[in-house]
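I have placed the structure first, in the form of structure tokens, so that the comments after it can refer back to it.
Basis for what follows: all heavy atoms, side chains included, without hydrogens, waters or symmetry-related copies. The model shown is predicted, which means the values in this text are computed figures rather than measured ones.
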Amino acid sequence: MDHQLFADLYDAHARAVYAHAFRMTADRAGAEDVVSLTFLEAWRLRGTLDTVTSHRGWLLGIATNVMRNTRRTARRHRVAMSRLPPPAAVPDPADAVVSRITDTARAAAALAVLDRLRRADREAILLHVWSGLSHDEVARACGVPVGTVRSRLSRARARLRELTAARLAEARRSPEGPAPTPAPAPRTARKGTL
């Protein structure tokens, strides 16, 4: 069959095939797919066109078979998919973003109030947490026993949690954000605390 004759066949009957497919599927996109598949199948069967008495009837018959095959394939697909285990829950990326924002806000608040810790406690926590030194290494760096380092770290963590929570609460209450941290009052060193 000549390409022009097939193009004429398409021009003459594509609307009828589409209307039939739309009536059967009630789906515009599905009907367009049926038209495409119908004319693809008609092209494949073009050698039998000489024996066809009604081109329109032939094409509507092909379209009906295409829709049956499509429904059968969709049914098989649904059955196969129903046998698969349900997909694993995918974490919501928004949760990770909120977590990072919360962690960033908490870290900023902790840094803002760090200077309100006693100097010896601040040194211990900076050496241990930020510099990654072990308790023994902090003790050697500060020239104090390991037990003193542990006490300072415990006290510093508790105070830092308290100050950070207060700073975050203040930031939530104030639309402008937290007020600048006031400079700490000078402290006099007590014997045995350094």
Side-chain angles (χ1 to χ4, degrees), residues 1-113 128-132 134 157-158 160-178:
M1 169 181 250
D2 163 324
H3 289 286
Q4 186 55 48
L5 287 175
F6 198 80
D8 293 342
L9 183 69
Y10 179 86
D11 290 341
H13 301 290
R15 288 185 128 192
V17 172
Y18 175 82
H20 174 63
F22 182 70
R23 281 191 298 272
M24 296 290 288
T25 64
D27 175 13
R28 292 185 192 284
E32 289 172 2
D33 290 343
V34 169
V35 171
S36 298
L37 292 170
T38 297
F39 280 94
L40 185 64
E41 184 66 12
W43 178 258
R44 193 180 68 74
L45 298 171
R46 68 189 179 279
T48 63
L49 197 55
D50 294 341
T51 62
V52 172
T53 55
S54 166
H55 293 152
R56 184 170 179 254
W58 181 67
L59 289 168
L60 293 179
I62 292 173
T64 300
N65 286 333
V66 163
M67 286 183 278
R68 282 185 195 142
N69 291 340
T70 303
R71 279 194 303 269
R72 190 171 24 249
T73 301
R75 191 170 42 249
R76 286 181 188 145
H77 182 262
R78 281 192 304 274
V79 168
M81 293 304 286
S82 70
R83 292 181 186 145
L84 293 175
V90 176
D92 186 354
D95 292 340
V97 171
V98 169
S99 177
R100 279 196 300 268
I101 289 170
T102 302
D103 291 347
T104 301
R106 187 174 303 283
L111 285 172
V113 296
H128 181 66
V129 174
W130 269 279
S131 298
S134 69
R157 284 185 179 121
L160 195 55
R161 270 194 297 274
E162 175 189 317
L163 293 170
T164 299
R167 177 117 175 144
L168 289 170
E170 181 184 336
R172 282 191 293 271
R173 284 191 306 269
S174 171
E176 300 87 36

Measuring from [X]:[atom1] to [Y]:[atom2], what's the distance to the nearest 0.5 Å?
| X | Y | atom1 | atom2 | value |
| --- | --- | --- | --- | --- |
| His128 | Arg157 | NE2 | CZ | 4.5 Å |
| Met67 | Ile62 | CE | CD1 | 11.5 Å |
| Thr70 | Leu37 | OG1 | CG | 6.0 Å |
| Leu163 | Leu168 | CG | CG | 11.0 Å |
| Arg68 | Met24 | CZ | CE | 7.5 Å |
| Thr38 | His20 | OG1 | NE2 | 8.0 Å |

Heavy-atom distance under 4.5 Å between the side chains of His55 and Leu49, does that happen here?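 Sidechains of Leu49 and His55: in contact.
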
With heavy-atom distances below 4.5 Å as the criterion, would you say the side chains of Leu9 and Leu59 are in contact?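 Yes, at least one pair of side-chain atoms sits under 4.5 Å.
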
If we ignore hydrogens and angles and just use 3.5 Å, is the side chain of Arg167 paired with the main-chain N or O of Thr164 as donor and acceptor?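 A pair under 3.5 Å: no.
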
Residues Tyr18, Arg28; criterion side-chain contact (heavy atoms from CB on, under 4.5 Å); working and verdict: CA-CA 9 Å; Tyr18 175 82; Arg28 292 185 192 284; 3.6 Å; yes

Provide the closest heavy-atom pair for Ala31 versus Thr25 in the form atom of the first, atom of the second, distance.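 Distance-wise, the nearest heavy atoms are N-OG1, 4.1 Å.
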
Where is the tightest heavy-atom contact between Ala110 and Leu160, given as atom of each residue plus distance?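 Shortest heavy-atom contact: O-CD1, 3.8 Å.
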
Report the relative orientation of the aromatic rings in His3 and Trp43; use parallel for angles under 30°, tilted for 30 to 60°, perpendicular for over 60°.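 Ring orientation of His3 relative to Trp43: parallel.
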
Can you list everything that forms a side chain to side chain donor-acceptor pair (under 3.5 Å) with Glu41? Sequence neighbours excluded, please.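 Only Arg44 meet the side chain to side chain donor-acceptor pair (under 3.5 Å) criterion with Glu41.
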
For Phe22, does the CZ atom sit with more than 12 other heavy atoms under 6.0 Å from it, leaving out its own atoms?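 Yes.
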
